[in-house]
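Note: hydrogens, waters and symmetry copies are ignored here, and every other heavy atom, side chains too, is used.
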Amino acid sequence: MSRSAETEGRRAGARAATALCPLYDAAALRAAERGAAAASGDAFELMRRAGEAAWREWLDRCSQAYSLLVVCGPGNNGGDGYVMATHALRNGRKVAVVRLREHAPRGEPARRAADGYRDAGGATLEFDGALPPAEAIVDALFGIGLTRAPDAAADALIEAINGHGAPVFALDVPSGVDADRGAVAGSAVVADCTLEFIARKRGLRTGAALDHVGEPVLASLGVDMSEHAAYPVAEWLRAPDLGRWLRPRRRDSHKGRNGRVLCIGGDHGHGGALVLCAQAALRSGAGLVDAATRADHVAPLLARLPEAMPRAVESSDDLRAALAAADVIAIGPGLGTQEWGALLFAAALASDKPLLLDADALNLLAAQPRALPADCILTPHPGEAARLLGSDTARVQADRDAAVRALVERYRCAVVLKGAGTLVHAPGQGVRVIGAGNPGMAVGGMGDVLSGAIAALRAQGLDAFDAASCGALLHSTAGDRAARDDGERGLLPSDLMPWLRRCANPRADER
């Protein structure tokens, strides 16, 4: 990387040093609850605040709804539901609490909340296999503690909630979702909105959880996490955070200051992957982009992308000059795992240049694991991550946070674990969760665009972790913008190109 790019990158990193939105796990939340209860001198106080906050949020959203079903479990989450039901009852709503026979309230706060609901004239129904009609349902069945599949009775109740047809408002966590890992081991409530209490939870922002949370909303209940809990376990990145890294350029900028990216790949039949990577690098701000590919792909690449500088490469010797000129190398899109791809992969690893490994470069690495430079970036999807870890896709998806941490520990470099709720991690850093992206991006070629975007940001001076974080956020945000008008189905990787440019130049009101 050029010295001027490194200098600008350090300045950008210093400007981006303020804290991002923190995410916590269940252990930290329990510590905060204990601390807040001790500070107030009343174990019921937090439950009172949670139930009141739930009622106010629900009222803002469903003020026209008259009848309300509150599904309560036996613990504190159920206690929150009883308090909310009491507020609804006292404000003239038709309310019924539904619970399983074995879910009588446990613990003094939950029993106190249930007693208050009963004393206000509230009715409690035992679930008999069907739910009565209502205009809205509140899920207060399980909270942050459930880490296994619900038992048969709870499973039937959850399925009844999902099949009811009324809007569902979940308290703290949609029941059945693992709040730490984002996994869903069995049935889980599909909520339209989830009101989180005290702090945002890591597991609600990645993996299967994203199909259950709906719109997440936070009620802090007056609890300051910094007073009661350890450091957050992750940080949440959203579109406005792009402005932390993507600042206006200096007026005397030139192409050399913006970095030179070398994209390597495009074996026979896979030339389009390299075109997407190179185009994304240019649209994300790289000053110069070389493209090393098969001779048959040079003319089509020039026709599609005249701004790139393609070269025919049939051996590692043909690559030597391009490697020497590059600031950053992105290798893998369409590379293949045959002799040609393996030779170019070995040459790139030996170049002593900042590297991004994607697609077949990751498959080659998985086949022959080796030490990587500390400033390398890996961008696996769950299947590639499983191969790199000697695991399987299901295990990766069951605990995406553990998987990305294991990849960083094994390869000692920055890792982007792609998928719903993309995770970014690096040695000595926390985990970052990308709060953007949509199902329309589940199409071949999207990863090639991501590779080009991250490589371009690395070439412009960001360190590996920030380039991976900013690139993943830029890519996902561009995907959201591209899908906004015409929908997600049918979204193409090339549709992101104009949006990469727009999102890479955030206006002052978007920072």
Side-chain angles (χ1 to χ4, degrees), residues 13-39 46 49-50 53 76 143-147 171-174 177-183 194-207 209-210 213 215-245 399-409 414-417 419-437 463-466 468-470 472-473 476:
R15 288 192 292 263
T18 55
L20 292 160
C21 180
L23 301 175
Y24 294 88
D25 61 9
L29 288 159
R30 290 192 186 96
E33 288 173 354
R34 290 192 298 269
L46 270 185
R49 294 182 201 170
N76 287 347
I144 60 175
L146 187 70
T147 58
L171 302 190
D172 209 22
V173 178
V177 174
D178 187 319
D180 279 351
R181 291 181 281 273
T194 297
L195 179 63
E196 297 179 84
F197 296 134
I198 301 179
R200 295 177 176 90
K201 294 150 193 69
R202 174 185 62 197
L204 300 192
R205 286 159 176 82
T206 191
L210 294 175
V213 172
E215 180 186 355
V217 183
L218 176 66
S220 68
L221 308 184
V223 177
D224 183 351
M225 288 294 292
S226 66
E227 294 180 1
H228 305 293
Y231 294 107
V233 295
E235 295 175 315
W236 192 29
L237 299 185
R238 292 163 290 177
D241 292 313
L242 286 170
R244 298 163 54 84
W245 295 289
D399 194 340
R400 288 170 53 79
D401 183 80
V404 76
R405 291 178 188 273
L407 286 166
V408 169
E409 183 176 356
V415 175
V416 179
L417 178 56
T422 290
L423 304 180
V424 186
H425 188 34
Q429 303 288 346
V431 174
R432 288 171 173 167
V433 184
I434 304 302
D463 65 27
F465 184 48
D466 281 344
S469 303
C470 183
L473 180 60
S476 296

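Judged purely by atom type and a 3.5 angstrom limit, D180 has no side-chain atom pairing as donor or acceptor with the backbone of D25. In terms of modelled atom types and a separation under 3.5 Å, the side chain of E235 and the main chain of G430 share no donor-acceptor contact. Listed for the T206 side chain is a donor-acceptor partner under 3.5 Å among the backbone atoms of A420.
Using a 4.5 Å cut-off on side-chain heavy atoms (C-beta onward), M225 and P22 make no contact. The closest side-chain heavy-atom distance from L23 to P232 is not below 4.5 Å. V233 has its side chain out of reach of V431: every pair of non-hydrogen atoms, C-beta onward, lies at least 4.5 Å apart. Residues V213 and V177 are not in side-chain contact: their nearest non-hydrogen atoms beyond the backbone lie 4.5 Å or more apart. Looking only at side-chain heavy atoms (C-beta outward), L237 and C470 stay at 4.5 Å or farther from each other. Counting heavy atoms from C-beta outward, R181 and T147 have side chains that approach closer than 4.5 Å. Within the 4.5 Å cutoff, the side chain of L417 has no heavy atoms near those of the H425 side chain.
Of all the heavy atoms in L204 and D172, the pair that sits closest is CD1-O, 3.6 Å. The minimum heavy-atom distance linking A426 with V408 is given by the pair C-CG1, 3.6 Å. Contact record, R400 with G421: NH2-O, 3.2 Å, taken as the closest heavy-atom pair. The two residues I434 and S476 have their closest heavy-atom pair at CG2-OG, 3.8 Å. Of all heavy-atom pairs spanning D224 and S226, the tightest one is OD1-OG, 2.7 Å.
To the nearest 0.5 angstrom, R238 atom CZ is 10.5 Å from L473 atom CG. Distance check, rounded to the nearest 0.5 Å: CG of L29 to OH of Y24 gives 9.0 Å. In this structure, L221 CG and E196 CD are separated by 11.5 Å, a value rounded to the nearest 0.5 Å. Note: I198 CD1 to E33 CD = 4.5 Å, rounded to the nearest 0.5 Å. With rounding to the nearest 0.5 Å, the separation of OG in S469 from CG in L242 is 11.0 Å. Put simply, CG on N76 and CG on L46 are 9.0 Å apart, with the number rounded to the nearest 0.5 Å.
Within the cation-pi definition used here (under 6.0 Å to the ring centroid, within 45° of the axis), R200 does not qualify as a partner of W236.
With sequence neighbours left out, R49 forms a salt bridge (Lys or Arg N to Asp or Glu O under 4.0 Å) with E45. Residues that satisfy the side chain to side chain donor-acceptor pair (under 3.5 Å) test with R405, not counting sequence neighbours, are D401. The side chain to side chain donor-acceptor pair (under 3.5 Å) check on T194 picks up nothing, with sequence neighbours excluded.
Under a 4.0 Å N-O distance rule, the pair D466/R244 does not qualify as a salt bridge.
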